[in-house]
Amino acid sequence: MAGQGSGGNVIAAICNIFFPGLGQLVQGRILAALIFAIVVFGGYALWFLVVPPVIGAVVHLWSIIDAARYTNYSSYERR
């Protein structure tokens with residue numbers, strides 16, 4: 001990824017709209033992708049309770065924002 005605001009981050013954020021955690025997976029952050037996907041799908045699966053789907057929706061939005069604002073600091077160390 002080239003950094004915040006790059007085309008890669010935009011693609012990652014769009015991926016997260018359709019499948020939570022996919023954007024983090026595209027960015028190479030496997031653990032973050034798993035956590036986002038488990039929390040969001042777990043919350044949505046418990047739709048009959050009120051609080052878990054709300055938490056799932058908030059984390060879904062958070063995953064989109066996280067993918068859009070991600071900065072890979074290891075690329076700065078290579079320069």
Student: Under the ring-ring contact (aromatic ring centres under 6.0 Å, His included) definition, can you give me all pairs with a residue in residues 11-35, not counting sequence neighbours?
Tutor: F19-F41

Student: Distance-only criterion, 3.5 Å: show the donor-acceptor pairs between side-chain atoms of residues 28-39 and protein atoms not counting sequence neighbours.
Tutor:
{"residue": "R29", "atom": "NE", "partner": "Q27", "partner atom": "OE1", "Å": "3.3"}
{"residue": "R29", "atom": "NH1", "partner": "D66", "partner atom": "OD2", "Å": "3.3"}
{"residue": "R29", "atom": "NH2", "partner": "Q27", "partner atom": "OE1", "Å": "2.9"}
{"residue": "R29", "atom": "NH2", "partner": "D66", "partner atom": "OD2", "Å": "2.7"}

Student: Side chains of residues 47-62: which donor-acceptor pairs under 3.5 Å do they make with residues two or more places apart or in other chains?
Tutor:
{"residue": "H60", "atom": "ND1", "partner": "Y44", "partner atom": "OH", "Å": "3.0"}
{"residue": "H60", "atom": "NE2", "partner": "N16", "partner atom": "O", "Å": "3.0"}

Student: With sequence neighbours left out, which residue pairs that include part of residues 54-63 fulfil the salt bridge (charged side-chain N to carboxylate O under 4.0 Å, His left out) condition?
Tutor: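 Checked against salt bridge (charged side-chain N to carboxylate O under 4.0 Å, His left out) - neighbours excluded - no pair reaches residues 54-63.
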
Student: Which atoms form the tightest heavy-atom contact between A68 and N9, and what is the distance?
Tutor: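 Nearest heavy atoms, A68 then N9: O-ND2, 3.4 Å.
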
Student: What pairs of residues pass the salt bridge (charged side-chain N to carboxylate O under 4.0 Å, His left out) test when at least one of them lies in residues 7-21, not counting sequence neighbours?
Tutor: none

Student: Restricting to pairs with a member in residues 36-54, which pass salt bridge (charged side-chain N to carboxylate O under 4.0 Å, His left out), not counting sequence neighbours?
Tutor: none

Student: Suppose the criterion is salt bridge (charged side-chain N to carboxylate O under 4.0 Å, His left out): which pairs have a residue in residues 12-22, not counting sequence neighbours?
Tutor: none

